[in-house]
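Every value quoted in this text rests on a predicted model; they were computed, and no experiment measured them. Computation of the quantities below employed the complete heavy-atom set of this structure, encompassing side-chain atoms and omitting hydrogens, waters and symmetry-equivalent molecules. The residues of the chain are indexed from 1 along the displayed sequence.
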Amino acid sequence: IEGTTKLSTQDIIYDNDAIKIYPNPAKDFLYIESKDKIKNIEIYDSTGAKIKFVINNNNKILNIENLPTGAYFIKIETDNNKYIKKLIKK
């Protein structure tokens, strides 16, 4: 599913240290640390349009090498919560 769903403010549940993403800015790969099991990951562009959806099989590495340079929001859904993190792609 690409480019059809928009990120809304009601989707923003948490932005704290329960989820860590690095490096940030990132070039090719993004590493995700979570105490909870990750169910899925969505990447939104700066306009809020969904550009990537990943059903996670507990992989903590996300390939972002095909994303254009820019600012993105990553929505990470775990078994317990949803988190929004900002990503800079270089």
Side-chain angles (χ1 to χ4, degrees):
I1 304 173
E2 295 185 3
T4 58
T5 305
K6 292 281 188 175
L7 183 66
S8 70
T9 55
Q10 68 190 24
D11 288 328
I12 300 174
I13 310 295
Y14 292 102
D15 185 6
N16 61 25
D17 291 332
I19 297 273
K20 291 183 172 53
I21 62 171
Y22 60 92
N24 196 3
K27 184 176 179 183
D28 296 324
F29 296 94
L30 184 69
Y31 299 88
I32 302 168
E33 284 185 14
S34 172
K35 295 175 184 169
D36 298 327
K37 182 180 177 196
I38 297 172
K39 291 169 60 175
N40 61 56
I41 300 167
E42 299 172 0
I43 299 179
Y44 295 84
D45 67 13
S46 59
T47 68
K50 186 190 302 183
I51 58 168
K52 187 169 185 171
F53 178 78
V54 178
I55 296 175
N56 199 301
N57 57 357
N58 230 14
N59 188 0
K60 307 259 177 159
I61 302 171
L62 188 61
N63 184 338
I64 59 167
E65 63 186 343
N66 292 329
L67 289 180
T69 300
Y72 297 90
F73 294 98
I74 300 180
K75 181 179 169 186
I76 302 166
E77 184 176 354
T78 68
D79 286 336
N80 298 317
N81 290 306
K82 297 176 185 174
Y83 302 88
I84 301 293
K85 294 288 189 178
K86 186 173 182 183
L87 167 67
I88 303 298
K89 168 68 165 72
K90 36 178 189 176

Under 3.5 Å: donor-acceptor pair, side chain of Asn24, backbone of Ile88: yes

Looking at Ile41, is its backbone amide N or carbonyl O close enough to the side chain of Lys52 to form a donor-acceptor pair, meaning the two atoms are under 3.5 Å apart? no

Could you measure the distance from the [atom1] atom of [X] to the [atom2] atom of [Y]? Nearest 0.5 Å is fine.
X: Lys75; Y: Glu42; atom1: NZ; atom2: CD; result: 4.5 Å
X: Asp45; Y: Lys89; atom1: CG; atom2: NZ; result: 14.5 Å
X: Tyr83; Y: Asp36; atom1: OH; atom2: CG; result: 5.5 Å
X: Ile74; Y: Ile84; atom1: CD1; atom2: CD1; result: 9.5 Å
X: Ile76; Y: Ile38; atom1: CD1; atom2: CD1; result: 5.5 Å
X: Leu30; Y: Ile21; atom1: CG; atom2: CD1; result: 5.0 Å

With a 4.5 Å cut-off on side-chain heavy atoms, are Ile51 and Tyr72 touching? yes

Is it the case that the side chains of Thr78 and Asn80 hold a donor-acceptor pair, with the cut-off being a distance below 3.5 Å and no angle test? no

If every non-hydrogen atom of [X] is compared with every non-hydrogen atom of [Y], which pair is closest and at what distance?
X: Phe29; Y: Pro23; value: O-CD, 3.8 Å
X: Asn40; Y: Ile55; value: CB-CA, 4.2 Å
X: Ala71; Y: Lys86; value: CB-CE, 4.3 Å

Among the clusters formed by ILVMFWY side chains lying less than 4.5 Å apart, do Tyr22 and Ile61 turn up in the same one? yes

